[in-house]
Each structure stands twice: as C-alpha cells, then as structure tokens.
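Please read the structure below before turning to the comments.
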Amino acid sequence: MNLNEISLPTKDIKVSIAFYQTLGLRLIVETEIYARFEMPDGEATMSLHRTDAKLGDEGVYVYFECVDLDERVKALKARGIIFENDPKVQRWLWREAWLKDPAGNRLCLYRAGENRKNPPWRIKG
C-alpha cells in the first residue's frame with residue numbers, strides 16, 4: 001500500500017489554498033468546494049474540501065518532512081506564516097516545528113532522517 005492523498009476540511013477554501021501555496025504546495029485542481037495539491041517532493045498529494053460541518057477542536061495532524069527544516073521555517077516566517085514553536089528536537093528524535101492552517105488543522109514540519117522509520121527502539125523483525 002502507498003499513501004496517495006490526505007484530504008483536509010476547511011470552511012474557507014480560498015484562504016486555505018493561499019496558505020498551502022505559501023507553504024510551497026503546487027495547486028493542480030481547484031473548484032468552489034475542492035482543491036488538490038502536489039507536494040514539492042515525492043508522489044503524495046493533499047486536498048482540501050469545503051465543509052459546513054463544525055470543524056474539530058483539534059483538527060487532524062499532518063506531517064511534512066523537510067530536509068531543509070530550519071531554512072524553510074525561517075523563509076515561511078518571513079512570508080507571514082506563524083509557527084507555534086521554532087524547530088526543536090523531541091524525545092522521539094524528530095526535529096519539529098508546529099503550526100496550524102486557517103481551518104485549525106495541525107501541521108508539523110519536521111526532519112527525522114533515519115529515525116523516521118528506524119528509531120533506536122524500533123521493534124525487531
């Protein structure tokens with residue numbers, strides 16, 4: 001199995017499209033209720049769907065791995081993107097910077113390298 005796409009809810013499709021374009025995603029489909037993006041790296045895509053339903057208090061968590069994490073966060077801050085924290089190493093050995101999209105979905109820009117799938121505590125076998 002291969003992850004193809006993640007779809008996130010939003011109340012304001014236009015505002016969310018602009019936000020994700022600022023993050024560097026490439027818009028490939030746009031309607032009044034749906035937008036789809038290609039990632040700058042890899043084959044996965046991400047979409048947005050407009051909803052009138054109440055968005056969750058916490059939303060979903062989406063992780064974007066960045067080999068240039070510190071430089072990317074700095075550049076995004078210069079473009080007005082607000083982060084909850086600067087990149088920092090977590091106890092699980094991932095360097096993470098958290099932010100929210102306009103709909104309240106939580107995003108993590110991170111760098112894990114080898115620890116992404118092979119942390120020291122990985123189950124053998």
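It should be emphasised that the depicted structure is a prediction, and the values quoted were computed from it without experimental measurement.
- L109 and V89 sit in two unconnected hydrophobic clusters of ILVMFWY residues. Membership requires side-chain heavy atoms under 4.5 Å apart, directly or through other members.
- Using a 4.5 Å heavy-atom cutoff, the side chains of M39 and T45 are not in contact.
- Within the 4.5 Å cutoff, the side chain of R26 has no heavy atoms near those of the R36 side chain.
- Considering only heavy atoms from C-beta on, W121 stays 4.5 Å or farther from N115 through its side chain.
- Between the side chain of D101 and the backbone N or O of G104 there is at least one donor-acceptor pair closer than 3.5 Å.
- With a 4.5 Å cut-off on side-chain heavy atoms, N105 and V62 do not count as touching.
- At a threshold of 4.0 Å, the pair E96-K88 does not count as salt-bridged, since none of the basic side-chain nitrogens sits closer than that to a carboxylate oxygen.
- The closest side-chain heavy-atom distance from L8 to M46 is below 4.5 Å.
- Between D70 and R111 there is no salt bridge, since none of the side-chain N atoms of the basic residue sits less than 4.0 Å from a carboxylate O of the acidic one.
- Considering all non-hydrogen atoms of both residues, K11 and T51 come closest at CD-O, 3.5 Å.
- R122 meets the side chain to side chain contact (heavy atoms under 4.5 Å, CB included) test with K117, N118, P119; sequence neighbours excluded.
- Of the residues I13, I6, I33, the one that meets the side-chain contact (heavy atoms from CB on, under 4.5 Å) test with L48 is I13.
- From C108, atom SG reaches atom CD of E84 across 10.0 Å, with rounding to the nearest 0.5 Å.
- In summary, the side chains of R50 and T10 do not present any donor paired with an acceptor at a separation below 3.5 Å, with no hydrogens or angles considered.
- I28 and Y34 fall within a single hydrophobic cluster, where Ile, Leu, Val, Met, Phe, Trp and Tyr are joined by side-chain heavy atoms under 4.5 Å apart, directly or via other members.
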Give the C-alpha distance, both sets of side-chain angles, the deciding distance and a yes or no for side-chain contact (heavy atoms from CB on, under 4.5 Å) between V60 and R106. CA-CA 6 Å; V60 298; R106 299 214 49 220; over 6 Å; no

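- Counted by atom type alone, E5 and S47 present one or more donor-acceptor pairs between their side chains at under 3.5 Å.
- For E71, the CD atom is densely surrounded, since the number of other residues' heavy atoms within 6.0 Å is greater than 12.
- Ring geometry for Y20 against F37 counts as tilted: the plane angle lies between 30° and 60°, on a 0 to 90° scale.
- Of the candidates V73, L76, L107, L99 forms a side-chain contact (heavy atoms from CB on, under 4.5 Å) with just one, namely L107.
- Taking the six-membered ring for Trp and the full ring otherwise, W98 and Y110 have centroids separated by 6.0 Å or more.
- Here CZ of R72 is found 10.5 Å from CZ of F64. Values are rounded to the nearest 0.5 Å.
- Between the side chain of E65 and the backbone N or O of G113 there is at least one donor-acceptor pair closer than 3.5 Å.
- Residues satisfying the side chain to side chain contact (heavy atoms under 4.5 Å, CB included) criterion with D86, sequence neighbours excluded, are K77.
- Between atom NE2 of residue H49 and atom OG of residue S16 there is a gap of 11.0 Å, rounded to the nearest 0.5 Å.
- Shortest non-hydrogen contact noted between G24 and P40 is O-CG, 3.4 Å.
- A chain of hydrophobic side-chain contacts below 4.5 Å, direct or via other Ile, Leu, Val, Met, Phe, Trp or Tyr residues, connects L27 to I81.
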